[in-house]
Student: 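There's a structure below that I have some questions on.
Numbering of ligands and ligand atoms starts at 1, following listing order. Predicted model only: the values in this text are computed from it and were never measured. Computation of the quantities below employed the complete heavy-atom set of this structure, encompassing side-chain atoms and omitting hydrogens, waters and symmetry-equivalent molecules.
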Amino acid sequence: MPPPSTPNPPPTVRATPNPTGPHATGRTDHISAGLADLLIRASRQHGGRLADYIPELAHVDPDRFGIAMTSVLGRSYRAGDENTFTIQSISKPFVYAMVIDELGLEEVARNVGFEPSGEPFNAISLEPDTGRPDNAMINAGAIVISSMVPGINTDRQVRRMRAAMSAFAGRELELDEAVLSSEAATGDRNRALGYLALAAGRLDGSVADAMEVYFQQCSLKVSVEDLAVMGATLAHGGTNPVTGDRVVSELAARHTLSMMASCGMYDYSGEWMIRVGLPAKSGVGGGIVAILPGQFGIGVHSAPLDARGNSVRGVEALTELSDYFGMHLLGHPRSPLSPIVSTRDCDGVHTVAVRGELDFVSTEQLVHHLLDHCEQAEPATVRVDLSAVTRARPIAGRLLTATGDDLRRHGWEFQLLDSACLLTPDGDNATR
Ligand code: DON
């Protein structure tokens, strides 16, 4: 990448706890206070330089530093500064999710791969034999993805892209016109990547059209709270937890998180996964979005960048945050929670009440309880009450059906109380 060159002056810390969002109350907010402490500590990092290869990006206050978290229940927490900045490369996973949702993974895979490039974001990272960009989180792949946004002309594609980005954020995102013209005026390297993709037969339409969508998606203005909500939408399986709108399918969200986990921080992605352990994406505007699937979206912003194009203080804050809140995705979860809330023996019926999500590990525990009970008792009736189960993965249905068949063969009456038909879903293979 062209080196960012404006030196970063020492920061002044403005990290004030400031709970926001739909559930804001006057109560003491220890989560935002924890975020504020993280910002103060991360502000001690004085390194980094503003990106100025897009001249307009150098006109920002390098001291501004903010962070926000939104849970999959739609609650938000924030500390630090409240400014907006351009989303830049953080747009890549969200446009990717939308295109996968529209066209499916296999169609997208014809044009863009899935492997980390280990190279800077603007490198010519194309597969030697196919000319396919290595992945969609680097410029080459993202430009191809932009060309695949559905629409009969560029105008429609841009509108579609902006509608999807706004749906992720839960509010209408606006363009920074000055950054857009600056991007377009200095975007020849990106155009060159577009021409290479076109020559390899990987680009849909013209380079100029693809660049129009790409430059506009990079020039949308967001706040850290927007990033947190956008991240929380992916964390929540594609449904915006604040608006309740489904933005992309659960499967598209999962594919996107997978790409962010392996490629989101460019040539820092491997070390990022070790130290932070959250799918993430950074942008040269100084923002980073990080996601703990099923739990939180996090947005952070501080403009000075390291040599790889990642926000110096953003990386520092998220490294601390992952540790402070215990968010590393691959941390050892200790003993799995038992799904069994109670057992009752009454009139020859052994009733097992189960709650929460029936995934593989909880179903495995339930099945063992049933088999242990039935081995030790004379055949009678065993009943599994699923009325407090929130969701059952297909594996739960398969294991419980097979176990029920076994028990019946051994003389047991096996009953499943499943009034919500959780074990016979209508084929949502995203939950497999
Ligand atoms: O393609 C570009 O040059 C920018 N508009 C986006 C690059 C970017 O954000 C890379 N991220 N760290």
Side-chain angles (χ1 to χ4, degrees), residues 1-5 48-60 85-96 112 116-125 133-147 158 161 165 173 175-197 207-208 210-222 227 230 259-260 263-269 271-272 280-290 299-315 318:
M1 80 182 239
S5 67
R49 300 166 95 81
L50 297 180
D52 62 0
Y53 74 100
I54 299 169
E56 198 58 32
L57 291 182
H59 302 157
V60 297
F85 47 93
T86 51
I87 189 166
Q88 298 296 336
S89 284
I90 305 170
S91 61
K92 289 169 181 165
F94 297 100
V95 177
Y96 185 64
V112 183
S117 65
E119 294 186 300
F121 67 84
N122 57 4
I124 305 171
S125 308
D134 284 341
N135 67 72
M137 301 296 117
I138 50 171
N139 287 13
I143 290 164
V144 171
I145 294 296
S146 301
S147 81
V158 165
M161 174 279 292
M165 297 292 279
L173 296 181
L175 265 185
D176 186 323
E177 298 284 355
V179 170
L180 177 61
S181 348
S182 202
E183 290 243 12
T186 56
D188 285 340
R189 188 178 175 94
N190 282 328
R191 290 186 188 91
L193 292 172
Y195 277 109
L196 288 172
V207 172
M211 297 322 303
E212 182 67 29
V213 180
Y214 178 73
F215 289 147
Q216 290 221 22
Q217 72 186 57
C218 290
S219 304
L220 290 170
K221 285 190 286 189
V222 289
L227 290 184
M230 294 173 87
M259 290 313 301
M260 295 171 83
C263 309
M265 299 298 280
Y266 307 116
D267 38 343
Y268 186 62
S269 296
E271 188 166 342
W272 172 268
K281 187 73 197 76
S282 65
V284 288
I288 304 178
V289 66
V300 64
H301 175 251
S302 162
L305 306 178
D306 63 21
R308 286 140 158 164
N310 298 323
S311 164
V312 171
R313 289 184 208 131
V315 168
L318 287 166

Student: Might you point out which heavy atoms bring A58 and L50 nearest each other, and give the distance in Å?
Tutor: O-CD1, 3.5 Å
Student: Hey, is N190 touching ligand 1 through its side chain, its backbone, both or neither, going by heavy atoms under 4.0 Å?
Tutor: side chain
Student: Identify, by atom number and element, the atoms of ligand 1 in contact range of G283, meaning under 4.0 Å from any of its heavy atoms.
Tutor: 9 (O), 11 (N), 12 (N)
Student: Side chains of M265 and I288, heavy atoms from C-beta outward: is any pair under 4.5 Å?
Tutor: yes
Student: Any N/O of S89 closer than 3.5 Å to an N/O of ligand 1?
Tutor: yes
Student: Looking only at distances, can you tell me whether any N or O atom of G285, backbone or side chain, sits closer than 3.5 Å to an N or O atom of ligand 1?
Tutor: no
Student: Classify the ring geometry between F121 and Y53 as parallel (under 30°), tilted (30 to 60°) or perpendicular (over 60°).
Tutor: tilted
Student: Please list the nearest protein heavy atom to atom 4 (C) of ligand 1 with its residue and the distance rounded to 0.1 Å.
Tutor: Q88 OE1, 3.1 Å
Student: Enumerate the atoms of ligand 1 whose separation from the nearest heavy atom of Y53 is less than 4.0 angstrom.
Tutor: 2 (C), 3 (O), 4 (C), 7 (C)
Student: What is the nearest protein non-hydrogen atom to atom 1 (O) of ligand 1, stated with its residue, atom name and distance?
Tutor: Y214 OH, 2.5 Å
Student: Which of the atoms of ligand 1 are close to G309, meaning less than 4.0 Å from one of its heavy atoms?
Tutor: 12 (N)
Student: With respect to K92, determine whether any N or O atom, backbone or side chain, lies less than 3.5 Å from an N or O atom of ligand 1.
Tutor: no
Student: Can you name the atoms of ligand 1, numbered from 1 with element, that are less than 4.0 Å from a heavy atom of V284?
Tutor: 7 (C), 8 (C), 9 (O), 10 (C), 11 (N), 12 (N)
Student: Is the shortest side-chain heavy-atom distance between K281 and M137 below 4.5 Å?
Tutor: yes
Student: Any heavy atom of Y266 closer to ligand 1 than 4.0 angstrom?
Tutor: yes
Student: Could you tell me which atoms of ligand 1, counted from 1 in the order shown, lie closer than 4.0 angstrom to a heavy atom of N139?
Tutor: 1 (O), 2 (C), 3 (O)
Student: Below 4.0 Å, non-hydrogen atoms only: which portion of E183 touches ligand 1? Side chain, backbone, both or neither.
Tutor: side chain
